[in-house]
Every structure is written in C-alpha cells, then in structure tokens.
Amino acid sequence: MVAGNVGHLRQSREARLGRGFFATDAETLARALLGTHLIRVMEDGSTIRVRINETEAYNGVEDRASHAFGGRRTARTEPMYGRGGTSYVYFTYGMHHCFNVVAGGVDEPAAVLIRGGEVIEGLGAALANRGWTREKHAAVPAGLADGPAKLCRTLAIDRSLNAIDLTRDPTLRLERGDRGWHDEVSVISTPRIGVDYAGEWAARPLRFVARRM
DNA sequence: ATGACGATTTACT
DNA sequence: GTAAATCGTCATA
C-alpha cells in the first residue's frame with residue numbers, strides 16, 4: 001500500500017473530531033457531544049476514555065448564566081472567544097475544576113459544559129486520579145464522573161489544560177462515539193444546574209442528559 | 001484593597 | 001433536607 005492511500009484511509013477513518021464539528025451554536029454542540037468520547041492521555045502514557053452523557057449549553061453575550069454574559073471578556077473568559085474546539089477550564093468554589101468545549105467561531109463566545117460521562121477505558125488510572133481503589137469501590141463504579149468537577153478530577157483536568165486546541169492537543173481529545181449508541185439511549189433536556197441567579201435564562205432547557213432506555 | 005460569590009461536592013443532622 | 005470546605009475572579013472603591 002502506497003503512502004498516499006494510507007493517508008486517505010487514515011482520514012476516512014479518523015475518529016478525532018475536527019474543527020467543523022465545533023463550528024456551530026452551543027445548543028447544537030451540546031446535543032452532538034452526547035455519546036462522543038473524551039480521551040485523556042496522562043503523563044505516564046496511561047489513557048482514560050469517557051463516554052459523555054451529560055452536557056449543558058452556554059450561549060455567550062445574551063445568556064445571563066454564561067461567564068461571557070454581556071460580552072464580559074477577561075483573562076478567565078478569553079478561551080470562550082477563541083475558535084470552536086478550544087478548551088475552557090475554570091476553577092470554582094475554591095476547589096473544583098470544570099471543563100468546557102468552546103462552540104462557534106472566533107469572537108463568538110459560547111461553550112458546552114461537560115457535566116458527566118462514563119469511564120469505558122482506563123479504569124485503573126481513573127480510580128487512581130480519584131483516590132479510589134478497586135477494593136473499596138465497585139469494579140465499574142458509578143459516580144466516578146457523574147458531575148462536572150468529578151469528571152475533571154477523574155481525568156486529571158486542571159487549568160494546565162485551559163485554552164488548548166482539542167482538535168490537535170496530544171493529551172486531551174474528542175472522538176466520535178460508537179454507531180448504535182444513540183439507539184440505546186433517550187435524550188432529555190432540563191434547566192441547567194446551579195444557575196438560579198440567571199433570571200429568565202435559568203429556566204431554559206439547555207441541559208441534556210442521555211439515559212439508557 | 002476589599003468583599004461577595006460561585007456552571008460543586010461531600011458529609012452530616 | 002442543610003452546611004462546610006476554600007480561593008480565584010470580578011466589581012467596587
């Protein structure tokens with residue numbers, strides 16, 4: 001097989017999500033990210049794969065729950081103004097990190113908060129990141145990554161991974177999920193969690209959860 | 001310089 | 001059900 005064909009095959013089989021996937025509005029991206037895989041490659045080479053099953057959409061300027069509400073542009077929110085596919089990791093409550101995927105294009109602040117997922121590969125490394133052991137927890141522990149901060153801890157995501165290009169970075173990437181997975185779940189939408197301060201926007205159904213049927 | 005608060009989690013009454 | 005933990009960020013001065 002010649003090199004040119006290898007490249008073509010690789011491209012057709014490429015699982016990693018490219019720029020175009022993220023070039024849309026936050027709500028569309030939030031739905032599209034359900035079932036995709038978030039893959040973390042640790043410094044020691046161990047790999048953890050999580051299937052995303054809960055997301056929230058944050059629109060930019062108009063969305064009162066968004067960090068970019070009113071066009072607020074600070075050192076913290078800067079990644080939201082970047083290209084779609086950029087990461088936005090922020091620190092909150094003095095102890096937790098949350099991971100977002102930036103949607104849309106440059107200077108269009110919008111992002112999707114990854115609120116939860118299921119570890120489907122690298123359970124040992126995932127448990128280690130949480131300080132859990134197989135002895136003290138079930139073999140396939142629920143509750144490992146069912147929350148935005150828990151997911152970050154499970155994948156060892158902190159601000160060193162802020163503002164990276166998720167379409168290129170070697171340590172954190174997104175891949176399309178398995179065909180068929182969507183046939184096994186139903187997606188519900190609810191108001192977003194923890195944004196009661198956001199007035200009219202607090203009630204909008206911008207949280208998406210995929211549950212097995 | 002200061003104060004209020006948070007896109008959360010965990011433990012406890 | 002309620003509360004504590006814990007500190008970076010942002011608005012105000």
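To find a chain, count down the sequence lines: A is the first, B the second, and so on, and within it residues start at 1. The figures here come from the full heavy-atom set of this structure, side chains too, leaving out hydrogens, waters and symmetry mates.
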Give a yes or no on whether a salt bridge exists between A/Glu200 and A/Arg64, defined as a side-chain N under 4.0 angstrom from a carboxylate O. no

Charged N to carboxylate O under 4.0 angstrom, A/Glu118 versus A/Arg212? yes

What is the distance, rounded to the nearest whole Å, between atom CD1 of A/Ile193 and atom C1' of B/dA7? 10 Å

Expressed in angstrom and rounded to an integer, what is the separation of A/Arg115 atom CZ from B/dT9 atom C1'? 11 Å

Salt-bridge present (A/Arg204, A/Asp63; N to O < 4.0 Å): no

Under 4.0 Å between a side-chain nitrogen and a carboxylate oxygen: does that hold for A/Lys150 and A/Asp146? yes

Is A/Glu78 salt-bridged to A/Arg76, going by a charged N under 4.0 Å from an acidic O? no

Within the 4.0 Å heavy-atom criterion, would you say A/Leu113 contacts the bases, only the backbone, or no part of the nucleic acid? base

Distance flag, aromatic centroids of A/Tyr90 and A/His67, threshold under 6.0 Å: yes

Are a donor atom and an acceptor atom from the side chains of A/Thr55 and A/Arg115 found within less than 3.5 Å of each other? no

Hey, does A/Arg130 reach any base, or is it just sugar-phosphate, or nothing, if we go heavy atoms under 4.0 Å? sugar-phosphate

B/dG6 phosphate, OP1 or OP2, under 4.0 Å from A/His96 side-chain N/O: no

Taking any heavy-atom pair under 4.0 Å as a contact, classify A/Ala65: base, sugar-phosphate, or nothing. base

Assert: residue with more 5' nearest nucleotide on DNA chain B, out of A/Arg153 and A/Met80, is A/Met80

Could you work out the separation of C/dA3 and B/dC5 based on their P atoms and round it to a whole Å? 16 Å

Using a 4.0 Å heavy-atom cut-off, write out nucleotides 7-12 of chain C from 5' to 3' as B (base contacted by protein), S (sugar-phosphate only) or - (no contact). BSSSS-

Identity of whatever pairs with C/dG8 - Watson-Crick or G-U, under 3.5 angstrom: B/dC5

Between B/dG6 atom P and A/Arg64 atom CZ, what is the distance in whole Å? 11 Å

Rounding to an integer number of Å, can you tell me how far A/Leu151 CG sits from B/dA7 C1'? 14 Å

Nearest listed nucleotide, side chain of A/Tyr197, among B/dA7, B/dT9, B/dT8: B/dA7

Taking atom P of B/dT8 as reference, at what distance in whole Å does atom NZ of A/Lys150 sit? 13 Å

